[in-house]
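The chain is numbered in sequence order, starting from 1.
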Amino acid sequence: MNSDVLIKETIVADVKKMVSDEQVVTDYETLYEASSDRYRKYAKAKRVLDNPMPTAVVYPHNVNEVRDLLMYANENDLNVIPRSGQTATEGGLENWKELALVIDGSRMNKIINIDPYNMQATVEAGVKLQDLEDELRKIGYTTGHSPQSKPVAQYGGLVATRSIGQFSTLYGGIEDMVVGLECVFPNGHISRIKNVSRRAGGPDIRHIVIGNEGTLCYITEVTVKIFKYYPENNQFFGYLVNDVETGIKVLREVMTNGYRPSVARTYSPEDARQHFYHFYEDKCVLLFMAEGPKGIVEATGVGIEEAVKKFQDGIYKQVDSQLIANWFNQLNWTQQTIDDEVQGMIDNDKHDGFTTEISADWETIPTIYNNVVQRIRTEFPRAHDLTMLGGHSSHSYINGTNMYFVYNYTINCEPEDEMKIYHHPIQAIIVEETLKLGGSMCHHHGIGKYRNEWTKEEHQSAYYMLDSLKEVFDPKGIMNYGTIYPVQEGYKYQR
């Protein structure tokens, strides 16, 4: 028996003493599944991943067990990958170390308190977003948070990845919803950030934790805002428009006039074909959803119609609102959706696709979009394999919006080479054009392990602040090695 096997057996035995045998899982299938996330989904489905499998997956039941596990890992220089929900798309859950513990929070799944009077709910990290939403709906409330992964996403992961939902234009991203939280640092220190509506007690320390992607601490509990739910007032609006620029201008008009539809989107014709093939007529699709109290919904609808009228020269036609409602009701994933996708890749699929989402101000977004599409079509060596290249704006703010680039392609290479040959060169063009024009290379999927080569350029002089957080809170570098922070050892997986 070689020394690596002995070391791993010792680690597993030590961890079982801290928790229980049934909380520590080491079978091959579990470890293979835990070695990566949805970033290299095709290679994973084809069983050709080349990165190390973790030593064990551990399922703590409470914050004290998390503390003990982190302290053990810190003392023994073991990589820790915090996991909760498993819907990451940027390699943030991928393992790059021979000795690693995946600490999975899914068994910390209690809804601790729902407090309608103070409009907040407290949950453990492993509570599924859908489960909290279902409980709130019973009493006439909602989380306001609805990412596509809603049925399977869990709160620890949602907060750690700074997630956003399809209703963000009204309710905000997860960072706007988090009131307080509990987290554990590698040295075993447990921090609780109390639940208050606002305070000026120094820098907002919630944001050390929100979006840290498991690189600084482990999130164990979260308190979020809740909202009253008015489904009977929902209104949908849909239009075909001549170009992306017109769609962006209408979105800007609605937002800068002070209206807050819950959904506000513009799709390029190529992207619209995927979602609205039965009515898009080779045009861009512009759509809105307004929700909330009846008076607010009616006023928002008027604002939308006024904005559309202002740019009517670029509007091709209005579409039946029921078509938009039907589409939106089928948008979320289920676990079955994910399983079916993987099975398709295992069986016969040689077609894949990916997304890269960025953000910028109103003036810059159309330029980034046009520059990116032009460069990919003319510079990407495998452009002839592309079956779709487009994008949509789906999250807007008073001062700008995002662009969700979407690209599909026929895979004409070995599964293990797909990301290096197809996705990474395309993403590099998107990131380069975005950073060149002052936008952000990552709007809501996070940096993970496969955008970390641009982390310093993303933050520029402010990288000093980000780097200092790592030095203070994780000086031994055991937390999610390679995520957010660039490391040379990761180059062999990235390129």
**Message:** Which residues pass the side-chain hydrogen bond (donor to acceptor under 3.5 Å, both in side chains) test with Tyr481, not counting sequence neighbours?
**Reply:**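 Checked Tyr481 against side-chain hydrogen bond (donor to acceptor under 3.5 Å, both in side chains); matches are Glu489.
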
**Distance-only polar pair, side chains of Ser396 and Thr169, donor-acceptor under 3.5 Å** =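 There is no such pair between these side chains.
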
**Request:** Using the side-chain hydrogen bond (donor to acceptor under 3.5 Å, both in side chains) rule, collect all pairs that involve residues 172-183, keeping only residues at least two apart or in two chains.
**Result:**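 Pairs touching residues 172-183 that pass the test: Glu182-Arg192, Glu182-Thr220.
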
Tell me if the centroids of the rings in [X] and [Y] come within less than 6.0 Å of each other.
| X | Y | answer |
| --- | --- | --- |
| Phe227 | Tyr171 | yes |
| Tyr229 | Tyr141 | no |
| Tyr404 | His445 | yes |

**Item:** Atom pair CD/CZ of Glu94 and Arg38 - distance to nearest 0.5 Å
**Value:**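 One finds 14.0 Å between CD of Glu94 and CZ of Arg38.
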
**Request:** Please test Glu432 against Arg375 for salt bridge (Lys or Arg N to Asp or Glu O under 4.0 Å), starting from the C-alpha separation and ending with a verdict.
**Result:** CA-CA 11 Å; Glu432 287 167 10; Arg375 278 192 62 188; 3.1 Å; yes

**Message:** Once you measure the plane-to-plane angle for Trp327 and His275, does it fall in the parallel (<30°), tilted (30-60°) or perpendicular (>60°) bin?
**Reply:**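 Perpendicular, since the angle between the ring planes exceeds 60°.
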
**Item:** Plane angle bin for Tyr422 and Phe380 - parallel if under 30°, tilted between 30 and 60°, otherwise perpendicular
**Value:**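 Answer is perpendicular, since the angle exceeds 60°.
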
**Asked** Can Glu33 and Lys44 be counted as an ion pair, charged N to O under 4.0 angstrom?
**Response**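 A salt bridge is present here (some side-chain N lies under 4.0 Å from a carboxylate O).
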
**Prompt:** Above 12 or not: heavy atoms from other molecules or residues under 6.0 Å from NZ of Lys470?
**Reply:**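 More than 12 heavy atoms, drawn from other residues, nucleotides or ligands, come within 6.0 Å of this atom.
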
**Message:** For Lys476, is the NZ atom crowded, meaning more than 12 foreign heavy atoms sit under 6.0 Å from it?
**Reply:**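 More than 12 heavy atoms, drawn from other residues, nucleotides or ligands, come within 6.0 Å of this atom.
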
